[in-house]
Amino acid sequence: MGHPYIPNSDPEIRGRMLAAIGAASVEEFYADIPDAIRLHRPLDLPAPLRSEAELVRHMDRLLSRNKPAELSFLGAGCYRHHVPAVVEEIANRSEFLTAYAGEPYEDHGRFQALWEYQSLMGELLELDVVNVPTYDGFQAAGTALRMAGRVTGRRRLLLVGPVDPDKMSKIEDFVRPDHDVEVLDGTDDGWQAADLVVGADVAAVYIEAPNYHGVLDPALPLLAERAHAVGALLVVGCNPISLGVVASPASYGADIVCGDIQPLGIRMSFGGGNAGFIATRDEQRLVREFPSRLFGVVPTVVEGEYGFGDVFYDRTSFALREEGKEWVGTAAALNGIMAGVYLALMGPHGMREIGETILALTAYAQERLAAVPCVSAPNGEAGAGLVSFADFVVRFTGLLTAADINALLLERGIQGGKVLSETDALFCVTEVHTREDVDRLAAVLEEIAK
Amino acid sequence: MSGSSSQGPVSAEDARIAPKPRLRRFHQARWDEPLIFELSSPGERGVGVPVTDLPVPSLPAGLARAAAPLLPEMSQPHVLRHYMRLSQETLGVDLNVDIGQGTCTMKYSPKVNDSFVRDARIAELHPLQDEGTVQGVLEILYRLEGLLKEISGMDRVSLQPGSGSSAIYANVSMIRAYHASRGEGELRDEVITTQFSHPTNAAAPKTAGYRVITLMPDADGYPDIEALRAAVGPRTAALLITNPEDTGIFNPRIEEFVRLVHEAGGLCCYDQANANGILGITRARDAGFDLCHFNLHKTFSTPHMCGGPAAGASAVTSALEPFLPRPTVEFDGTRYRLDDDRPESIGKIRPFYGVVPNLVRAYAWIMALGGEGLRTVAETAALNNNYLISKVLQIKGVSLPYAQGRRRVEQARYSWQKLNADTGIHSEELGYRVADFGTHYWTSHHPYLVPEPMTLEPTESYSQADLDEYAAILAEAAREAYEDPELVRSAPHNGPIHRMRDASLEDPGTWAVTWRAYRRKLG
């Protein structure tokens, strides 16, 4: 009997097809593979779980060893937000789930859904050009910086911190051949960015809004002036779910905006839900530097029909191999469709409300936790004048380290923040949290922090 | 009941349903669906959001959004209906005999595997959770690495790359780190690849700072070994090569290629995008390669998702192990953990640990097949391909360039050069007509080396009847090209839209990547 996934695996069917070809056996098809490199034994793999029931039982045993946290304050680049049911209803449609690289004529819906994603993001970002998603926000940042380097022809990149060290690692590896990276890592005083001096050899100034510690740097609008005064570009990494209330980076002068769309309706999946966006103004010098696909809308021969196709295809490695910009391949398109559905469901009012809720809850959490003995929230102090969005730094000023505190929280059913140092951890709240969740965290910390 | 039919008794002939036509009378849904912005109705809402009575802090000057984003306002049923219609205007693998997307290995993705990744015990895991709460997913990653080690023959595997191209870049980055660690980073500044490999094999090393040398095929379609001899030398960092190449031709001298590059001190990196036809038959390590990668969405059956998220795996010998992306997954006999303390690592390739849902699907797929099953996959893919070749070559106007008298492995790149000379119809146009029968084919990457190309890769997922149907569709479209070329030239006729006026996509004055750009330029 054949395998359920393979229609032609039954020996009798195979015999019939071999006869039709005029081949004695499947070995004929491998005649060009020299004997010396043939594997003369079966692959040493576990016995197959041929029945679906056995496979389900096996997977269930593995999955049962995972415990999603009931109450978690983890963010740091992967966020738990509510995912509306319609988003997954659409993403799970077989036509979208299993389509790939068809022509616009067979896959018209895929092209339209992705062009609409670009357009919805364009409204959120107030920019005219948005790419079909790249792998993730790390890649988006790396590519955005290389784009700035190609536009300006300069080597130096100034990164105004704090930036996620893992993201820094990716960026440094990615820009290495063409750029020197200088990190102005203001873990504590990065928001002195207004004092930044930008030299005439700088290709780009990169900063995040909010930054890795969740802070919206008040100097962001000034940075654009500093960068532009010497012909450098301002590249801003942003969290798109903040943009219902926070100004778009384009509005204060960003030339290239990038980030991760995971917060827009995509589940965390142990870090598997990340996908990147890159956006610019519609200027040829910028558009020509995108490596990724850009879909555009066009008329068809029938009035009233929209068609969609690749804009300026000769930018890409699909067209020009090593003469294209970086490379393009399969990346994260379905995440883009999901983010599009999310933005359509949310609309302008939903985006404003979610932004306000998160801003308010973040401020409340900072204030509430800072009131706990041996705990502070340095960026949330009244005198600091800083506003945080979702992520915020919590400092443990007593005898216990941040890791100790996390272990004690976990014993009480709470997943604390990402440990940054002996004393600091990065906590996060989103709209899925309530004031009561924050109060519960504060109450437990009152009990354990010392 | 009264008032019987005035037409008299119904004959058996009238009641019998006629046999289905030889070719399907396909028509894809055509909804004339507006753009989502045209569906906006101010005052409508798609989803409720938690609101709070806590005070909202004021943002610093210039950082408060002045005007709400001009997103559409739509009720939930309207959003759903819009996207359902767009999904109906998309031809996924689950709907069609998708053997025409050669080089992409379109195969069946078992539905049960989707259920595992929708489970909250994967979907709701945060990547930074305490390791004690995620032992199951770490075990899956560890086990999947073990399976891919055996399938490739390599010593360690990173599952972090976001796709095949991302894995190619990770491999190039490891090659760069390897030579730098030996003090040869500056010296070895050239990467050699072949014209029939994926464009990323040229573009990724270029991005990483290498000069790229491309080997052209010899008269038989094999990568030209004399060209390799001329190219290889002390500046060679690596060879990046696919085998079988996108023509389906397996290069029998692959060991010699590897030897020549090794003798010059370079590394050999195997792009296994076309691994589907050789699973369990031959392995990257057996031919002497130092690194390889897999596209999990191709060979290991994770769905293609309109172009991703994909997932890649980079496999290396122990000599390259120190440079693998961090973290790796380790197991001490009782507990799984992530090892981030890897000083020689190239660092991070993407956030966290990879496209985990696809890693889970790939694991489940391999577990459902086992070693014998993977070999059956390969043999069936090769069988289906050679069966399809025998059918397609009976069609007037088509040919199979290169390697005459040799078999192809899992795909073939055909040429419609004769049909074009006879009728003026281009391969691309013929493809648009093929779409009218509910399927698709792809020409090839640019630049076209095979004139008027068509690349077919049947994989193991299609039956003999599917292959017969596909070949019959091609035969019909080719017949029409000879007998009624205008019918082909004006295709598609049964799709959601008609032929586009797409010249504006190349013109900065008219291209429109977003609705706001369209409104500004053309609205």
Side-chain angles (χ1 to χ4, degrees), chain A residues 6-7 26 29 32 37 42-43 45 48 62-63 65-68 74 84 90 93-95 98-100 105-106 108-110 119 122-124 128-129 135 166 169-170 177 218 221 267 270-272 296 300 302 307 311 317 321-322 326-327 329-334 345 347-348 353 356 360 363, chain B residues 46-47 49 54 56-57 60 62 68-70 73 83 86-87 89-94 121 123-127 133 135-136 162 165 199-200 202-203 206 209 212 250 252 286-287 304-310 347-348 352 356 370-371 379 382 407 463 492 495-496 498 500 511 513-515 517:
Chain A
I6 314 173
V26 290
F29 310 133
D32 281 341
I37 62 169
L43 286 169
L45 299 180
L62 290 166
L63 297 189
R65 303 183 63 202
N66 296 330
K67 308 272 186 264
L74 283 168
I90 297 303
R93 286 289 297 186
S94 231
E95 301 91 330
T98 68
Y100 198 24
Y105 301 110
E106 305 114 49
H108 174 70
R110 168 172 75 92
S119 296
E123 298 299 342
L124 195 63
D128 281 1
V129 180
Y135 309 122
D166 281 347
S169 163
K170 164 72 187 186
R267 291 196 195 273
F270 203 51
T300 80
V302 173
V311 163
S317 61
R321 301 181 66 86
E322 71 270 25
E326 299 175 21
W327 72 83
T330 307
L334 191 64
L345 287 166
E353 284 171 9
E356 287 176 348
Chain B
V47 68
V49 175
L54 294 166
V56 180
L70 296 175
E73 297 180 54
Y83 282 101
L86 296 186
S87 78
E89 292 179 320
T90 303
L91 198 61
V93 182
D94 284 355
R121 293 170 296 175
E124 293 296 316
L125 290 185
H126 192 286
T133 65
Q135 286 291 299
S165 288
T200 299
K206 173 74 179 303
V212 176
F250 192 93
D286 301 334
H304 284 65
M305 305 198 216
C306 292
K348 297 295 291 182
F352 311 110
V356 170
E379 291 179 352
R407 297 290 191 184
S463 68
H498 299 85
M500 296 187 292
W511 67 41
V513 179
T514 55
W515 177 234

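Naming: A, B, ... by sequence-line order, numbering from 1 per chain. Keep in mind the model is a prediction, meaning the values are calculated, not measured.
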Q: Evaluate the side-chain proximity of A:E123 to B:W515: yes if any heavy-atom separation is below 4.5 Å, no if none is.
A: yes

Q) Of all heavy-atom pairs between A:S317 and B:A203, which one has the smallest distance, and what is that distance? A) CB-CB, 3.5 Å

Q.
Between A:K170, A:E353, A:E322, who has the most heavy-atom pairs with chain B when the cutoff is under 4.5 Å?
A. A:E322

Q: Considering only heavy atoms and a distance below 4.5 Å, find which of A:G329, A:G296, A:G307 pairs most often with chain B.
A: A:G296

Q: Measure the shortest side-chain to side-chain distance between B:S165 and A:Y135 over non-hydrogen atoms and say whether it is less than 4.5 angstrom.
A: yes

Q) Is it the backbone or the side chain of A:I90 that comes under 4.5 Å from a heavy atom of chain B, or both, or neither? A) side chain

Q) Is any side-chain heavy atom of A:Y105 closer than 4.5 Å to a side-chain heavy atom of B:H498? A) no

Q) When A:E95 is tested against each of B:V93, B:T90, B:D94 for side-chain contact (heavy atoms from CB on, under 4.5 Å), which residue passes? A) B:T90

Q) Taking B:P199, B:A382, B:S87 one by one, which has the highest count of heavy-atom pairs under 4.5 Å against chain A? A) B:S87

Q. Relative to chain B, which segment of A:R110 carries a heavy atom at a distance below 4.5 Å: side chain, backbone, both, or neither?
A. both

Q) Is the backbone N or O of B:G347 less than 3.5 Å from a side-chain atom of A:S169, with the two atoms forming a donor-acceptor pair by type? A) no

Q: Would you mind telling me which of A:G347, A:A332, A:G272, A:A363 has the largest number of heavy-atom pairs within less than 4.5 Å of chain B?
A: A:A332

Q: Let me see the working for B:K206 and A:W327 under side chain to side chain contact (heavy atoms under 4.5 Å, CB included), right down to the final yes or no.
A: CA-CA 9 Å; B:K206 173 74 179 303; A:W327 72 83; over 6 Å; no

Q: Among A:L62, A:V302, A:L124, A:D32, single out the residue with the greatest number of heavy-atom pairs under 4.5 Å to chain B.
A: A:D32

**Q.** A:V129 versus chain B, the contacting section by heavy-atom distance below 4.5 Å
**A.** both

Q) chain A heavy atoms under 4.5 Å from B:P492: which part of the residue, side chain, backbone, both or neither? A) side chain

